[in-house]
Asker: 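Sending over a structure as C-alpha cells; questions will come in a sec.
Lettering of chains follows the sequences in order, A, B, ..., and the numbering in each one begins at 1.
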Protein chains: 2
Amino acid sequence: MKVSSSKEDYIKAIFHLQEEDGIVTTNALARQLDTKAASVTDMLKKLKTQKFLLYEKYKGFRLSPEGRKIALQIIRKHRLWELFLVKKLRFGWEEVHEVAEELEHISSKKLIDRLDEYLGFPKSDPHGDPIPDSSGKVPVKKQMNLTEMKLNIPAVVSNISDQSTEMLELLSDKGLALGTKVEVKKRFAFDNSVELKIKNLPAITISGNVAKNVFVTHEE
Amino acid sequence: MKVSSSKEDYIKAIFHLQEEDGIVTTNALARQLDTKAASVTDMLKKLKTQKFLLYEKYKGFRLSPEGRKIALQIIRKHRLWELFLVKKLRFGWEEVHEVAEELEHISSKKLIDRLDEYLGFPKSDPHGDPIPDSSGKVPVKKQMNLTEMKLNIPAVVSNISDQSTEMLELLSDKGLALGTKVEVKKRFAFDNSVELKIKNLPAITISGNVAKNVFVTHEE
DNA sequence: AATTAAATTTAGACAAATCTAAAAAATTAT
DNA sequence: ATAATTTTTTAGATTTGTCTAAATTTAATT
Ligand SMILES: [Mn+2]
Ligand SMILES: [Mn+2]
Ligand SMILES: [Mn+2]
Ligand SMILES: [Mn+2]
C-alpha cells in the first residue's frame with residue numbers, strides 16, 4: 001500500500017497545520033500547498049477513502065492515527081535529509097528545505113534508517129526541529145531562553161512567554177517573531193543583555209529582561 | 001523545462017539499449033520498462049515533440065543530442081547514488097539499484113555535484129560502470145571479458161555485464177567480485193571455458209557463458 | 001430574521017501516463 | 001507473390017491530480 005508523493009505532501013501539511021493551529025481548514029491547506037480549494041476537497045475525499053483522514057463535508061477534518069503515522073515518517077525523512085545536506089554536503093541551512101521536499105518521498109525504509117545511523121541518530125534538524133525516531137516517536141525538544149543559549153548556535157524562536165502588546169511591538173521592531181532563525185553572538189554578564197544576528201539583518205541587541213522571555217530551540 | 005520521472009526512465013532505457021544493441025525497438029523498450037508496446041509508442045510521440053528523440057513511425061527511433069545529454073545526467077545521478085549507498089551507508093552492491101532508481105530523479109544539480117565531491121569524484125560505481133562527470137563526459141576504460149584475456153596477465157575484475165541474481169550468486173561462490181585480482185591460466189577453445197587463478201584460492205573453471213560477462217582491466 | 005459574505009463542495013474539463021483491443025505496416029515463410 | 005506472422009501504431013478507456021466556474025452550506029452583518 002504505497003502513498004503517492006502528492007498525498008504524502010497533503011498528509012504532512014495537514015499534520016503541521018493541526019499542530020500549529022489545532023484546526024485545519026480547506027483554505028489554509030490550499031494556501032499551504034499552493035493549490036486551489038477545489039483540489040483540496042478532491043484530495044480530502046481520497047484520503048478519507050484510504051482511512052488516512054477523518055472527514056465529514058463542511059464539518060472539518062483531521063488525520064486518523066494511520067495518517068498521523070505517515071506524517072511522522074515523512075517528517076522524519078525530510079529532517080534527516082536536511083541534516084545530511086548541511087552536515088555532510090555543506091549546504092546552508094536556508095537552502096535545504098526545497099531539496100528535502102523531494103528527498104522525503106524516497107520510499108526505502110532501510111535507506112532512511114541507515115542515514116539516521118550515519119548521522120549519529122540526531123535529535124533535531126538544521127532548523128532545530130525534532131526528528132522522529134524509526135518508530136515515529138518525537139523527542140521532546142527542550143526550550144531555553146536567549147540568556148541561556150550557547151553562542152553561535154542556530155536556533156529558532158519557539159515561544160514568547162510575555163505576549164503583551166508592548167513586548168510584541170518591541171520584538172516586531174527588532175525583527176523577532178515565532179519561527180525566526182537567530183544566533184546569539186555575544187552575551188554581556190553585567191546586565192544579561194545579548195547581541196543577536198538574524199540573517200539579512202544588522203546585528204541587534206536586546207536587554208536581559210526581553211531575552212529571558214524569548215524561548216528558542218536548537219540542539220545538535 | 002523539467003522532465004518527468006517517467007520520461008527520464010524512458011530516455012535512460014533508450015540510451016542503454018542503444019549502447020548495447022545499436023538499435024532500439026518498441027518491443028525491446030516495453031520489455032525493459034516493464035510496460036506495454038502501446039504505452040511506449042505514446043511516449044515516443046511525446047519525446048519526439050520535446051525534441052529528445054528522432055522518430056518516424058514504423059521506421060525506428062534514436063535519442064537526439066539533447067536526449068543523450070539527459071540520459072547521461074540521469075546515469076550520473078544513478079551511479080553516484082549507488083556508490084554513496086555502498087560506500088557510506090554500507091549497502092550491498094546487489095541491493096542498491098532499486099533505491100537508485102528512485103534517487104536518480106531528484107532534480108537538484110547542486111546536490112549531485114556536492115555528492116560527487118563528497119565521494120571524491122569517483123570514476124566508477126559499485127558495479128564497475130563509469131560515472132559521467134558534471135558535463136556528461138564518460139571516462140573511457142579499456143575493458144575486455146575473460147574469454148578475450150591473454151594468459152597469465154594479472155587483471156582486475158571491473159565490470160559484470162549480466163547482473164542477475166543467479167550470476168552474482170555464482171560469481172560470489174567462485175570468489176569473483178569487483179576488484180578481485182585474477183589471471184587467466186588456460187582457455188579451452190571447445191566451449192570457451194577458462195581456468196582462473198585468484199590469489200590464495202585453488203584454481204577455478206568457469207564456462208564461456210559466464211566468462212564473457214566478466215570484464216577486467218589492467219590498471220587500478 | 002433576512003441579507004450578505006465567506007468557505008466549501010460539486011460539476012465538468014484537462015493533461016499525463018497507462019491499459020486493452022483492433023487496425024495497419026513491415027517481416028518472414030510458403 | 002501470397003499468405004501468415006510479428007511488430008508497431010491507433011482508438012478509445014481509465015486513473016490520478018489538477019483546474020475554473022457554479023452551486024451549496026455555513027458564518028457574519030445589518
Ligand atoms: Mn514533498
Ligand atoms: Mn527543517
Ligand atoms: Mn528511475
Ligand atoms: Mn550500477
Side-chain angles (χ1 to χ4, degrees), chain A residues 1-14 17-18 20-63 66-67 70-71 74 101-102 104-107, chain B residues 1-14 17-18 20-63 67 70-71 74 101-102 104-105 107:
Chain A
M1 194 180 274
K2 60 177 193 297
V3 185
S4 70
S5 291
S6 192
K7 285 197 177 111
E8 288 185 341
D9 282 337
Y10 272 90
I11 291 170
K12 187 177 60 146
I14 294 168
L17 290 173
Q18 224 169 237
E20 282 168 38
D21 308 346
I23 192 94
V24 201
T25 66
T26 302
N27 275 337
L29 197 45
R31 198 175 328 112
Q32 180 85 3
L33 291 166
D34 195 32
T35 185
K36 296 295 148 64
S39 308
V40 169
T41 302
D42 288 343
M43 187 60 95
L44 293 180
K45 285 189 275 192
K46 292 171 194 161
L47 291 175
K48 182 189 181 175
T49 303
Q50 289 180 269
K51 315 259 206 220
F52 297 134
L53 201 65
L54 307 169
Y55 168 54
E56 303 217 44
K57 58 181 183 180
Y58 291 111
K59 298 289 182 66
F61 51 92
R62 66 176 202 278
L63 288 180
E66 285 312 271
I70 288 178
I74 307 298
E101 204 54 53
E102 282 183 62
E104 70 190 357
H105 303 292
I106 302 293
S107 59
Chain B
M1 195 182 278
K2 62 174 190 298
V3 184
S4 69
S5 292
S6 192
K7 283 193 180 119
E8 288 185 340
D9 282 336
Y10 272 89
I11 291 170
K12 188 179 59 147
I14 294 168
L17 290 173
Q18 225 169 235
E20 282 167 37
D21 307 345
I23 192 91
V24 200
T25 65
T26 302
N27 275 337
L29 197 43
R31 198 175 329 112
Q32 179 86 3
L33 291 166
D34 195 30
T35 185
K36 296 292 148 65
S39 308
V40 169
T41 301
D42 288 343
M43 188 59 97
L44 294 180
K45 285 189 275 194
K46 293 172 194 161
L47 291 175
K48 182 189 181 174
T49 304
Q50 288 179 269
K51 315 258 204 219
F52 297 134
L53 200 65
L54 307 169
Y55 169 53
E56 303 218 43
K57 60 181 181 181
Y58 292 112
K59 300 287 184 66
F61 51 92
R62 66 176 201 277
L63 288 179
I70 288 179
I74 306 298
E101 204 55 51
E102 282 183 63
E104 70 190 357
H105 303 292
S107 59

Asker: Take the protein atom NZ of B:Lys7 and the nucleotide atom P of C:dT18, then report the distance between them rounded to whole Å.
Answerer: 10 Å
Asker: Need two values: the first and the last nucleotide of DNA chain D, 5' to 3', having an atom under 4.0 Å from any heavy-atom of chain B.
Answerer: D:dT7 to D:dT10
Asker: Would you please confirm or rule out a distance under 4.0 Å between OP1 or OP2 of C:dT18 and any side-chain N or O of B:Lys36?
Answerer: no
Asker: Under a 4.0 Å threshold between the charged nitrogen and the carboxylate oxygen, would B:Glu8 count as salt-bridged to B:Lys2?
Answerer: no
Asker: Just wondering, do A:Val24 and A:Arg62 contact through their side chains at under 4.5 Å, heavy atoms?
Answerer: no
Asker: List the atom of B:Ala30, the atom of B:Lys36, and the distance in Å for their closest heavy-atom pair.
Answerer: CB-C, 3.9 Å
Asker: Minimum heavy-atom separation for A:Tyr10 and A:Leu47, please, with both atom names.
Answerer: CB-CD1, 4.0 Å
Asker: Below 4.0 angstrom from OP1 or OP2 of C:dA17, is there any side-chain N or O of B:Thr35?
Answerer: no
Asker: Identify whether any heavy atom of A:Tyr55 sits under 4.0 Å from a base atom; if not, whether one sits that close to sugar-phosphate; answer base, sugar-phosphate or nothing.
Answerer: sugar-phosphate
Asker: Expressed as a whole number of angstroms, how long is the span from B:Leu33:CG to C:dT18:P?
Answerer: 9 Å
Asker: Could you say whether A:Tyr58 or B:Thr25 is positioned toward the 5' end of DNA chain D, judged by the nucleotide with the nearest heavy atom to each?
Answerer: B:Thr25
Asker: Determine, for A:Glu56 against A:Lys48, whether the closest basic-nitrogen to carboxylate-oxygen distance falls under 4.0 angstrom.
Answerer: no
Asker: Under 4.0 Å, heavy atom to any atom of DNA chain D: which of residues 37-50 of chain A qualify?
Answerer: A:Ala38, A:Ser39, A:Asp42, A:Met43, A:Lys46
Asker: Which heavy atom of B:Lys12 sits nearest to which heavy atom of B:Ala71, and what is that distance?
Answerer: CA-CB, 4.5 Å
Asker: Tell me the closest heavy-atom pair linking B:Ile11 and B:Leu63, and the distance in Å.
Answerer: O-CD1, 3.9 Å
Asker: Does A:Lys57 have a side-chain nitrogen or oxygen under 4.0 Å from the phosphate oxygens OP1 or OP2 of C:dT10?
Answerer: yes
Asker: Looking only at heavy atoms, what is the nearest atom pair of A:Glu101 and A:Glu104, with distance?
Answerer: OE2-OE2, 2.6 Å
Asker: If you look at every heavy atom in B:Glu102 and A:Ser107, which pair is closest and at what distance?
Answerer: OE2-OG, 2.6 Å
Asker: Is A:Phe61 touching bases, backbone alone, or none of the nucleic acid, heavy atoms closer than 4.0 Å?
Answerer: nothing
